Amino acid sequence: MVTRRWHGTSTRGSAARIITGIGALFAIIEVVYILLNVLGANAGNAFFQFIRSLAEPLALFFPGLFPIDNPTLAVIVNYGLAAVFWLVVAGFIARLVR
């Protein structure tokens with residue numbers, strides 16, 4: 001008995017993987033920003049400023065959504081919600097593309 005295996009990927013499957021990867025990258029940027037804030041990184045550092053310049057626009061409308069007095073907790077909640085948002089939206093769009 002001969003088993004045939006098709007070697008190749010569908011364009012839709014590749015597009016879905018790319019979309020999922022982009023969503024994961026956006027979520028990773030948000031998580032790195034959260035970690036830098038929680039661990040007390042120097043805000044004047046070039047790497048911190050670079051990550052912040054990426055994370056703030058990706059956070060969309062989440063910063064300030066919930067009024068939290070503790071600044072560390074506010075960063076965790078607001079940017080954490082943005083990270084979850086990007087994972088969910090990317091997963092949803094990837095399923096639509098498949």
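The structure displayed is predicted, hence computed values, not measured ones.
- Note on Ile68: it clusters hydrophobically with Val75, by side-chain heavy-atom contacts below 4.5 Å among ILVMFWY residues.
- Considering all non-hydrogen atoms of both residues, Ala83 and Ala27 come closest at O-CB, 3.6 Å.
- In the hydrophobic clustering of ILVMFWY residues, with side-chain heavy atoms under 4.5 Å counting as a link, Val77 and Leu65 come out together.
- Here the closest non-hydrogen pair linking Ser53 and Pro57 is O-CD, 3.1 Å.
- We find the CD1-OH distance between Ile76 and Tyr33 to be 12.0 Å, quoted to the nearest 0.5 Å.
- In this structure, Trp86 and Phe26 have perpendicular ring planes: the angle between them is above 60°, well past the 30° mark.
- Linking ILVMFWY side-chain heavy atoms closer than 4.5 Å, directly or via other members, places Val31 and Leu54 in two distinct hydrophobic clusters.
- Inter-residue side-chain proximity for Phe62 and Val84 is flagged as unmet; no heavy-atom pair is nearer than 4.5 Å.
- Under the 4.5 Å side-chain heavy-atom criterion for grouping Ile, Leu, Val, Met, Phe, Trp and Tyr, Leu96 is not connected to Leu87 through any hydrophobic cluster.
- Closest approach of Leu58 to Ala82, counting heavy atoms only: O-CB, 4.3 Å.
- Taking CD1 of Ile19 as the start and CZ of Arg98 as the end, the distance is 9.5 Å to the nearest 0.5 Å.
- Atom CD of Glu30 sits about 10.5 Å away from atom CG of Asn78, to the nearest 0.5 Å.
- Of the inter-residue distances, the one linking Leu39 atom CG with Ile34 atom CD1 reads 11.0 Å to the nearest 0.5 angstrom.
- For the atom pair CG (Asn37) and OH (Tyr79), the distance works out to 8.0 Å, reported to the nearest 0.5 Å.
- Partners of Val32 according to the side-chain contact (heavy atoms from CB on, under 4.5 Å) rule, which considers only residues two or more places apart in sequence or in another chain, are Ile28, Leu36, Ile51.
- In this structure, Leu25 is a member of the same hydrophobic cluster as Val89, with clusters built from ILVMFWY side-chain heavy atoms closer than 4.5 Å.
- The distance from the CD1 atom of Ile22 to the CD1 atom of Ile18 is 7.0 Å, given to the nearest 0.5 Å.
- With a 4.5 Å cut-off on side-chain heavy atoms, Asn45 and Phe50 do not count as touching.
- Smallest separation of non-hydrogen atoms from Gly23 and Ala90: CA-CB, 3.6 Å.
- Here the side chains of Phe66 and Leu81 are in contact, with some heavy-atom distance below 4.5 Å.
- Qualifying side-chain contact (heavy atoms from CB on, under 4.5 Å) partners for Gln49, counting only residues two or more places apart in sequence or in other chains: Arg52.
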